[in-house]
Amino acid sequence: MPTQSCFNSSVIGESIPLQDAELLYVPVFYSAAESQLIMEHLITTIPWSQETLNFGGKRVLVPRLQAWYGDAAVKYGYSGLRLTPLPWTSTLVEIKTKIESSYDIRLNSVLLNYYRNGQDSVAWHSDNETELGPDPLIASLSLGIERKFELKRRDGAAQKVSMVLANGSLLLMGSGLQRYWSHQIPKQPWVMQPRINLTFRFIY
């Protein structure tokens, strides 16, 4: 169990109790009006792409659109994909700087996920790639329609947590989270509105 918080916060957040892990939820990191402006800007200016993954010899489309931004030397990969970062935009730098100054953390990259509706999703996974270091800290900003976020223990224990990520909210996944827990955004077919998620991280 983490004994000291990795978040030095000047913004009030809700600590989500998890065994062996630290999770902080800030329901209003941006106002609804700010979030709407940011989301509209990202939808129209980001060069979104839909990647493909190889599962059992078959090429499968990732069920969402993505884009990867970061410092020039930062490379990142997962599930067989290798991503080369696009250069930072002024909007992404402003968001990154606000998170860094609020929580006294350092970030050098961001993966943007565009969920066009409730059919788009991300399956169970942990962000535990080698380049993220032994105990990653990830700051996840949600814009747009509320979506369900689920966590479960990686050791098979019958522990599962479900929460709803609000428009303009920030989720800080800290010490122990990627080591002991997996998470997902499940499909919600009745949801018709879009959501954008920005997961800021530090690549070593």
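In this text the structure is predicted, and so the values were computed from the model without any measurement.
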**Message:** Between Thr97 and Glu94, is there a side-chain donor-acceptor contact under 3.5 Å, judged purely by atom types and distance?
**Reply:** no
**Asked** Which of these, Arg147, Glu146, Lys148, sits in a side-chain hydrogen bond (donor to acceptor under 3.5 Å, both in side chains) with Gln188?
**Response** Arg147
**Prompt:** Is the charged tip of Lys98 near the ring of Tyr30: under 6.0 Å from the six-membered ring centre and within 45° of its axis?
**Reply:** yes
**Message:** Run the ring pair (Phe, Tyr, Trp, His ring centres under 6.0 Å) test against His41 and tell me which residues pass, sequence neighbours left out.
**Reply:** none
**Message:** A side-chain contact here means heavy atoms from C-beta on lying under 4.5 Å apart; do Leu143 and Leu42 qualify?
**Reply:** yes
**Asked** Once the angle between the rings of Trp48 and Tyr114 is folded into 0 to 90°, is it parallel (under 30°), tilted (30 to 60°) or perpendicular (over 60°)?
**Response** tilted
**Complete:** Residues Pro186 and Ser121: closest non-hydrogen pair is C-CB, 4.0 Å
**Asked** Can you list the residues that meet the ring pair (Phe, Tyr, Trp, His ring centres under 6.0 Å) rule with Phe202, with sequence neighbours excluded?
**Response** Tyr204
**Request:** Report the C-alpha distance between Asp20 and Arg153 in whole Å, list the side-chain angles of each, state the deciding distance to 0.1 Å, and finish with yes or no for salt bridge (Lys or Arg N to Asp or Glu O under 4.0 Å).
**Result:** CA-CA 10 Å; Asp20 301 322; Arg153 291 278 301 188; 3.1 Å; yes
**Prompt:** Can any side-chain N or O of Asp71 pair as donor or acceptor with the backbone N or O of Ala73 at less than 3.5 Å?
**Reply:** no
**Message:** Main chain of Ser31, side chain of Glu34: is a donor-acceptor contact present, judged purely on distance under 3.5 Å?
**Reply:** yes
**Message:** Starting from Ile145 and following side-chain heavy-atom contacts under 4.5 Å between hydrophobic residues (I, L, V, M, F, W, Y), which residues can be reached?
**Reply:** Trp190, Val191
**Request:** Please identify each residue that fulfils ring pair (Phe, Tyr, Trp, His ring centres under 6.0 Å) with Trp124, with sequence neighbours left out.
**Result:** none
**N/O donor-acceptor pair under 3.5 Å between Asn197 side chain and Leu141 backbone** = yes
**Asked** Quick one: do the Gln159 and Gln19 side chains pair a donor with an acceptor below 3.5 Å?
**Response** yes
**Asked** With no hydrogens and no angle check, is any side-chain donor or acceptor of Thr52 less than 3.5 Å from a backbone partner on Leu61?
**Response** no
**Message:** What verdict does the side-chain contact (heavy atoms from CB on, under 4.5 Å) test give for Lys96 and Trp88, after you've listed the backbone C-alpha separation in whole Å, the side-chain angles of each residue and the deciding distance to 0.1 Å?
**Reply:** CA-CA 10 Å; Lys96 179 175 81 79; Trp88 290 103; 3.4 Å; yes
**Item:** Taking every non-hydrogen atom, the tightest pair across Met192 and Asn117
**Value:** O-CB, 3.8 Å
**Asked** Considering only heavy atoms from C-beta outward, does the side chain of Ile105 approach that of Leu137 to under 4.5 Å?
**Response** yes
**Fill in**
Applying ring pair (Phe, Tyr, Trp, His ring centres under 6.0 Å) to Trp68 and not counting sequence neighbours gives Tyr76
**Request:** Please identify each residue that fulfils side chain to side chain contact (heavy atoms under 4.5 Å, CB included) with Ser126, with sequence neighbours left out.
**Result:** Asn128, Arg154, Gln178, Ser182
**Prompt:** Is a donor on one side and an acceptor on the other found under 3.5 Å between the side chain of Asp135 and the backbone of Ser175?
**Reply:** no
**Asked** Side chains of Arg195 and Ser142: is there a donor and an acceptor less than 3.5 Å apart?
**Response** yes
**Item:** Side-chain H-bond candidate by donor/acceptor type, Ser109 with Arg201, under 3.5 Å
**Value:** no
**Message:** Determine whether a donor-acceptor pair (N or O, by modelled atom type, separation under 3.5 Å) exists between the side chain of His125 and the backbone of His183.
**Reply:** yes
